[in-house]
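Okay, structure first, notes after.
All chains are named by letter (A, B, ...) in the order of the sequence lines, taking the proteins before the strands, and each is independently numbered beginning at 1. We use all heavy atoms of the structure for the numbers below, so side chains are in, but hydrogens, waters and symmetry mates are not.
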Number of protein chains: 2
Amino acid sequence: METQDIQEAQETQETQDILEIRELRYFTAVAEELHFGRAAERLGMAQPPLSRAIQRLERRLGVCLLRRNRRGVCLTGAGEILLQEGRAALDAAAAAARRTRRAGGADGRGGPRNRLVLAVKAGASHELLHRLLDAYAAEPGAAEVEVLPSGTCEQEGMLRDGRADVALMHAPFNSLAGFDSEELTTEGQIAVLPAGHPLAARRTLSLAEVGDIPGLPLARWARHGRFPPGPGPEIHDQTQLAQLIALGRTVAVFPESARAWLWAEHAAVPLTDAPSVVTHIAWPAHSRSLALAGLVRTATRL
Amino acid sequence: METQDIQEAQETQETQDILEIRELRYFTAVAEELHFGRAAERLGMAQPPLSRAIQRLERRLGVCLLRRNRRGVCLTGAGEILLQEGRAALDAAAAAARRTRRAGGADGRGGPRNRLVLAVKAGASHELLHRLLDAYAAEPGAAEVEVLPSGTCEQEGMLRDGRADVALMHAPFNSLAGFDSEELTTEGQIAVLPAGHPLAARRTLSLAEVGDIPGLPLARWARHGRFPPGPGPEIHDQTQLAQLIALGRTVAVFPESARAWLWAEHAAVPLTDAPSVVTHIAWPAHSRSLALAGLVRTATRL
DNA sequence: CTCTGTGATACCTGGTGGGTATCACCCGGT
DNA sequence: ACCGGGTGATACCCACCAGGTATCACAGAG
């Protein structure tokens, strides 16, 4: 009877101290691996305490998160929700730690932080970035700006988990969901071909034409860690892609500003029907930093 | 020498398991109270362990968060950052717990959750809300929608900490920052006066005229828990305001849809220069729920 | 110069996070 | 049908740390 009361009290307790960050890390590890052993290994711990921690979490939430099958485990509906929401919470906590550390710097004094980390897709918007940094540096009281090159579409994660304070993003490739942003520039897209290819002489091309060139498959970029299916080569960095195009092995589609880094062996042909690429400056919606506001103001005035 | 190494190892450890939710709760309590004793009381614990916890947190982050003065404490720059980011992380964690519990329901099975909590400013957009609920209920496979009336401008917090899954918001009163949203309706604003007042006979009014009526000060609503300065009465709920207007003690400005709940003793006069009120449906940017998508689709089709 | 109120320190205790060893179970192979 | 490998769960133990109580150090007000 008494244990019953205790259990009920636990189940109905306020949704405050129910979820610890450590537990979220444990759960996401298990939910991603779908295997207690591997998850424990990834977490650098033994399997039994991990099992217990998950059990305790389920008991406290009063919800079944995992369905234990004979062969591994699978997520319940509630488990999928917790995985999704938990990742957001983990990002938020990591962001809090990182940004606090950065703000503290050497002494923890220093008022509002005077340093900004700007995430940019490596190699993209060179020209714009250059103008922005120059213009901002000329502002009175400008903060120091650290430019952090990021992988394809990784700026979102960097903004979410605090590795960056502000980012240049490219719609429609990046999702602006959950961030505040200002539009900066709009540009068309071009097909980048080997200079000697017959199509390189064309004044314009369509997406359909580029996607179906005999012997010249479209290059495949990783999006969120996954490569789209297709015959083309899997691209990891820009230099590799540039070389493969120059060698006549592939073709790729880029915003017009990519002309800046083309080689002599490359040819660029405007695309008529590719969606426009809109460059935004984006930042976490709750940001209140003066330095950030200054950078954004400078960017929109360029 | 060895302790030095240990300290450095702690300071440079990954920004992963550095921040626990419990510590964030402690810190925000202290940062809000600016007083260890009161904060400890609010947290339901003794003061010494709280002091130690904050010290440990500062040591782990390698950052000074609070400046201890003889009389109370004050925040450092890093402390302000942590307060701001920490609140976001606390909200995210609370949201994860709440939404998981809701998704779990009785058995934890049930696939994707089939229940939505919709936050609405109490009394606002009655007509729209009614049509939305009716239309959505008629959809095949519609989830159960729980309507959660919220205080003035409180929908944002409810969405952030998981008390609600989706909300009707009213720009420019609510900030849509950090959420995904779709625009639903736009409406002008009206001044609501006592029926007998001379100005009630006017066809239109301007904001300046309404703000400066002799003997009839503008009512003041709480925004984020604070009342704007001014001579008018402080308003807590709509009924109270309606009564004060009817009694000829105050005047207020509302979206046109407020006509729905006016009394016979009230008069409504359109405002010529008040900003339009745009009603949005908004939800957390990372939401992936099918039920939510259905509700949003229904709303935009109204 | 005390008295009051602040946060910090010392020290103790119980709960729990984590480890090792082992179990219970289901499956697949022979 | 039986056994072996691999799954997650259980039993048990230890160490650590979160939290409590008692007390200190210190500054300001009277």
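As rounded to whole Å, 12 Å separates atom C1' of C:dG17 from atom CZ of B:Arg22. We find that CG of B:Leu57 is positioned 15 Å from C1' of D:dC17, with the value rounded to whole Å. When rounded to the nearest whole Å, the span between CD1 of B:Ile21 and P of D:dA18 equals 15 Å. Between B:Glu20 atom CD and D:dG19 atom P there is a gap of 12 Å when expressed in whole angstrom units. D:dA11 atom P lies 11 Å from atom CD of A:Gln55, rounded to whole Å. Rounded to a whole Å, the CG atom of B:Leu50 is 18 Å from the P atom of D:dC17. Across the protein-nucleic acid pair, B:Arg59 atom CZ and D:dA18 atom C1' stand 14 Å apart, rounded to whole Å. One can place CG of A:Leu43 at 15 Å from C1' of C:dG19, the figure rounded to the nearest angstrom.
Remark: A:Arg87 CZ to A:Glu85 CD distance equals 12.0 Å, nearest 0.5 Å.
Here the closest non-hydrogen pair linking A:Pro49 and A:Met45 is CB-CE, 3.7 Å.
A:Arg288 has no carboxylate O lying under 4.0 Å from a charged side-chain N of B:Glu80, or vice versa, which leaves the two without a salt bridge. Between B:Glu58 and B:Arg68, at least one side-chain nitrogen of the basic residue sits less than 4.0 Å from a carboxylate oxygen of the acidic one, meeting the salt-bridge criterion. Comment: B:Arg25 does not engage A:Glu20 in a salt bridge, judged by the lack of any side-chain N to carboxylate O separation of less than 4.0 angstrom. A salt bridge links B:Glu32 to B:Arg42: one of the charged nitrogens lies within less than 4.0 Å of a carboxylate oxygen.
For the side-chain contact (heavy atoms from CB on, under 4.5 Å) criterion with B:Leu118, the lone passing option out of B:Asp165, B:Val145, B:Leu148 is B:Val145.
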Output one line per pair: protein atom, nucleotide atom from nucleotides 20-25 of chain D, and distance, for all N/O pairs under 3.5 Å.
| unit_1 | atom_1 | unit_2 | atom_2 | d |
| --- | --- | --- | --- | --- |
| D:dG20 | OP2 | B:Ala46 | N | 2.7 |

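An OP1 or OP2 oxygen of C:dG7 is reached within less than 4.0 angstrom by no side-chain nitrogen or oxygen of B:Ser51. For the OP1/OP2 pair of C:dC25 and a distance below 4.0 Å, the side-chain nitrogens and oxygens of A:Arg68 include no atom meeting the criterion.
A:His286 and A:Phe179 have their aromatic ring centers separated by at least 6.0 angstrom.
Applying a 4.0 Å cut-off to non-hydrogen atoms, none of the residues of residues 28-40 of chain B approaches DNA chain D.
The local environment of CD in B:Gln47 is crowded, with over 12 non-hydrogen atoms from other residues, nucleotides or ligands closer than 6.0 Å.
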